[in-house]
Enquirer: 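Sharing a structure here in structure tokens format.
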Amino acid sequence: MYIYLKGINVSKKNLKFDSRIVHVGNKIDETSSTVTPLHLTSTFKQKRFESTEQFVYARTGNPTLAALEESLANLEGADHAYGFSSGMAAMTAIFLMYKPTDHILISRNVYGGVFRLVTRVLNDTGVEYDFIDTSDLNCVKKSIKKNTKHIHLESPSNPLLELADIEAISRIAKENNCVLSVDNTFMSPYGQQPLKLGADIVMHSTTKFLGGHSDLIGGALMLNGDQINSKIQLIQNTAGSLQSSFDAWLLLRSIKTLTVRVERQFRNSLIIAEWLEKQKNITKVIYPGLSSHPQHSLACKQQLDPNNKPVFGSMISFELTQKKDINKFAKNLNLLTLAESLGGIKSLISCPYSMTHASVPVKEKQRLGISKNLLRLSIGIEDPDDIISEIDFAINHC
Ligand code: PLP
């Protein structure tokens with residue numbers, strides 16, 4: 001993995017983040033294409049019956065996916081990376097590492113799909129689990145049982161943007177021989193590097209910031225450690241849940257512009273969150289970049305860009321007063337599209353209560369603070385003044 005730069009051979013690993021995202025996983029092959037080609041084939045010609053070739057059958061691996069996985073490993077500074085057909089397929093691969101009576105701890109306000117996977121699928125396999133408040137280190141310590149094998153964090157969490165202290169929890173995990181995984185979807189590798197903070201596995205819904213254009217579905221696991229690696233490699237291949245070549249190729253293209261996209265998205269979000277906080281008909285604004293966020297100082301410590309500057313993401317949750325009608329509010333929006341998902345260049349708005357977290361029981365939503373009037377913004381790269389004018393108009397006409 002070497003690149004010829006200004007006449008010297010430099011290991012790509014020594015380049016800075018913004019150079020690596022463009023060049024790693026983008027080898028110029030024998031056809032001299034400057035972009036990794038899209039390999040659409042299900043099988044590969046072998047030279048002999050006892051095959052030793054790298055690529056045999058496309059469910060086991062293909063050159064476009066291999067290039068993507070090199071790029072994914074680079075993004076999080078991982079030894080190994082695996083591309084999956086979705087974020088949920090990547091999550092499933094993590095849980096498939098465990099057997100009945102093993103116990104897993106999970107952040108209490110994870111993405112609704114992960115909640116459903118745990119309570120309706122994992123539940124029937126005999127793997128034990130507890131959803132806990134991972135923003136409280138004592139709660140994490142107290143929840144560990146003799147059979148606890150794994151801790152899974154989502155930080156910031158969806159949609160309440162609750163943070164977990166990854167470095168402190170990685171110490172607790174190591175002391176108790178537990179594997180630590182972190183869903184880093186909300187920050188992207190540009191804004192948070194969980195492996196550097198001691199995690200063993202980083203998970204992404206690449207559908208979001210890494211894809212960045214709301215045009216693909218994908219998932220990724222980036223990890224260190226030979227034992228975990230051989231398990232995940234076996235699961236990805238055997239369960240047949242790997243990323244398709246076409247989506248791998250789209251994702252490779254998107255990763256090259258990660259910095260330029262998210263820098264703008266993060267900057268816009270701070271401007272919009274600060275404005276929202278001053279509005280009369282809004283009862284709360286949740287954004288880790290605001291000093292009013294209860295874990296703002298933890299965000300400044302662990303959410304760092306490649307130059308070690310604190311960054312806060314582009315997800316904002318806010319609650320309209322009960323007297324406002326959220327459907328009327330949404331009718332007056334044009335730039336903000338009412339849609340599930342997040343992380344793309346186009347701004348989106350959703351209502352977690354009835355959309356992403358529809359599968360979470362009402363009582364649980366009430367306990368967590370996911371009310372009917374809580375709205376979640378995913379800020380894109382549009383001019384923030386236009387988004388602000390639109391929200392201002394919508395608040396005054398609902
Ligand atoms: N993790 C988080 C934080 C998410 O927001 C999502 C989807 O919204 C997922 C995981 C699941 O990813 P996918 O939709 O790519 O399966």
Side-chain angles (χ1 to χ4, degrees), residues 1-29 32-38 61 63-84 90 166 182-213 216 218-225 229 243 247-267 302-311 313-314 343 345 381:
M1 217 212 288
Y2 284 87
I3 180 170
Y4 204 66
L5 193 76
K6 290 185 194 151
I8 6 160
N9 261 340
V10 188
S11 165
K12 284 188 192 174
K13 283 192 176 148
N14 295 332
L15 295 173
K16 295 205 169 158
F17 185 83
D18 293 350
S19 309
R20 285 189 281 114
I21 60 173
V22 176
H23 291 277
V24 178
N26 196 33
K27 249 193 306 259
I28 295 185
D29 71 1
S32 299
S33 315
T34 56
V35 169
T36 304
L38 167 58
T64 315
L65 180 64
L68 171 68
E69 289 177 340
E70 190 185 338
S71 169
L72 291 172
N74 159 65
L75 283 169
E76 291 281 4
D79 292 340
H80 311 278
Y82 295 91
F84 287 87
I166 300 169
V182 179
D183 185 335
N184 198 23
T185 299
F186 269 33
M187 286 314 296
S188 89
Y190 171 88
Q192 184 167 266
Q193 298 260 306
L195 295 181
K196 282 195 192 138
L197 298 171
D200 303 289
I201 305 176
V202 177
M203 177 261 158
H204 280 277
S205 164
T206 54
T207 314
K208 310 296 176 345
F209 288 96
L210 292 177
H213 298 75
L216 66 89
L221 295 180
M222 294 83 148
L223 49 100
N224 290 332
N229 181 47
Q243 180 86 81
D247 282 348
W249 181 81
L250 271 180
L251 194 48
L252 261 174
R253 189 190 56 166
S254 298
I255 287 170
K256 297 188 183 86
T257 57
L258 178 68
T259 295
V260 291
R261 286 184 281 110
V262 298
E263 248 176 21
R264 172 72 72 89
Q265 287 174 260
F266 290 6
R267 192 167 71 223
Q302 75 179 9
Q303 297 182 179
L304 302 173
D305 74 9
N307 296 313
N308 284 327
K309 235 180 78 229
V311 284
S314 73
I345 51 173
I381 61 171

Enquirer: Sequence neighbours left out, what passes side-chain hydrogen bond (donor to acceptor under 3.5 Å, both in side chains) with S71? Give chain and number order.
Expert: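 Not a single residue meets the side-chain hydrogen bond (donor to acceptor under 3.5 Å, both in side chains) criterion with S71.
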
Enquirer: Which one of N184, L72, D79 satisfies the side-chain contact (heavy atoms from CB on, under 4.5 Å) criterion with M222?
Expert: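 It is L72; the other options fail the test.
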
Enquirer: So, H204 versus E76: side-chain donor-acceptor pair below 3.5 Å or not?
Expert: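 There is such a pair between these side chains.
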
Enquirer: Is the shortest heavy-atom distance from the side chain of L216 to the side chain of L251 under 4.5 Å?
Expert: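 The answer is yes, as the side chains (C-beta and beyond) meet within the 4.5 Å cut-off.
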
Enquirer: Hey, does the side chain of E69 reach the backbone of G83 with a donor-acceptor pair shorter than 3.5 angstrom?
Expert: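 It does hold such a pair.
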
Enquirer: Applying side-chain hydrogen bond (donor to acceptor under 3.5 Å, both in side chains), name anything that partners S205, two or more places apart in sequence or on another chain.
Expert: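 With sequence neighbours excluded, S205 shows a side-chain hydrogen bond (donor to acceptor under 3.5 Å, both in side chains) to T207, K208, given in chain and number order.
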
Enquirer: Restricting to salt bridge (Lys or Arg N to Asp or Glu O under 4.0 Å), what partner residues turn up for K196, sequence neighbours left out?
Expert: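 With neighbours one apart ignored, the set is empty.
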
Enquirer: So which heavy atom on V202 is nearest to which on L195, and how close?
Expert: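 Taking V202 first and L195 second, the nearest heavy atoms are CG2-CG, 3.6 Å.
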
Enquirer: In the structure I gave you, are the side-chain heavy atoms of N26 and L252 within less than 4.5 Å of one another anywhere?
Expert: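 Side-chain contact under 4.5 Å: no.
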
Enquirer: Count the heavy atoms belonging to other residues, nucleotides or ligands that lie under 6.0 Å from NZ of K27, then report whether that count exceeds 12.
Expert: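 Not buried by this count: 12 neighbours or fewer within 6.0 Å.
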
Enquirer: Which residues pass the side-chain hydrogen bond (donor to acceptor under 3.5 Å, both in side chains) test with R264, sequence neighbours left out?
Expert: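 In terms of side-chain hydrogen bond (donor to acceptor under 3.5 Å, both in side chains), with neighbours along the sequence ignored, R264 is linked to no residue.
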
Enquirer: Considering only heavy atoms from C-beta outward, does the side chain of D29 approach that of P37 to under 4.5 Å?
Expert: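 Side chain of D29 against side chain of P37, heavy atoms only: contact under 4.5 Å found.
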
Enquirer: Could you grab the distance from atom CD1 of I255 to atom OG1 of T206, nearest 0.5 Å is fine?
Expert: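 OG1 of T206 is found 7.5 Å from CD1 of I255.
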
Enquirer: Under the side-chain hydrogen bond (donor to acceptor under 3.5 Å, both in side chains) rule, collect the residues that match up with S33, sequence neighbours excluded.
Expert: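 Only T31 meet the side-chain hydrogen bond (donor to acceptor under 3.5 Å, both in side chains) criterion with S33.
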
Enquirer: Can you name the residues that form a side-chain contact (heavy atoms from CB on, under 4.5 Å) with D305, not counting sequence neighbours?
Expert: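 D305 satisfies side-chain contact (heavy atoms from CB on, under 4.5 Å) with Y190, N307, K309, V311 once adjacent residues are dropped.
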
Enquirer: When you compare the side chain of K256 with that of I21, does any pair of heavy atoms fall below 4.5 Å?
Expert: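 No, side chains not in contact.
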
Enquirer: Got a donor-acceptor contact below 3.5 angstrom from the Q193 side chain to the G77 backbone?
Expert: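 Absent.
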
Enquirer: So, S188 side chain and L210 main chain: donor-acceptor pair closer than 3.5 Å or not?
Expert: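 No, the answer is negative, given that no donor and acceptor are paired below the 3.5 Å cut-off.
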
Enquirer: Please identify each residue that fulfils side-chain contact (heavy atoms from CB on, under 4.5 Å) with A248, with sequence neighbours left out.
Expert: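 By the side-chain contact (heavy atoms from CB on, under 4.5 Å) rule, A248 matches T64, L65, L68, Q243.
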
Enquirer: State which residues pass side-chain contact (heavy atoms from CB on, under 4.5 Å) with T257; sequence neighbours excluded, sorted by chain then number.
Expert: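 Expected list: H213, V260, R261.
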
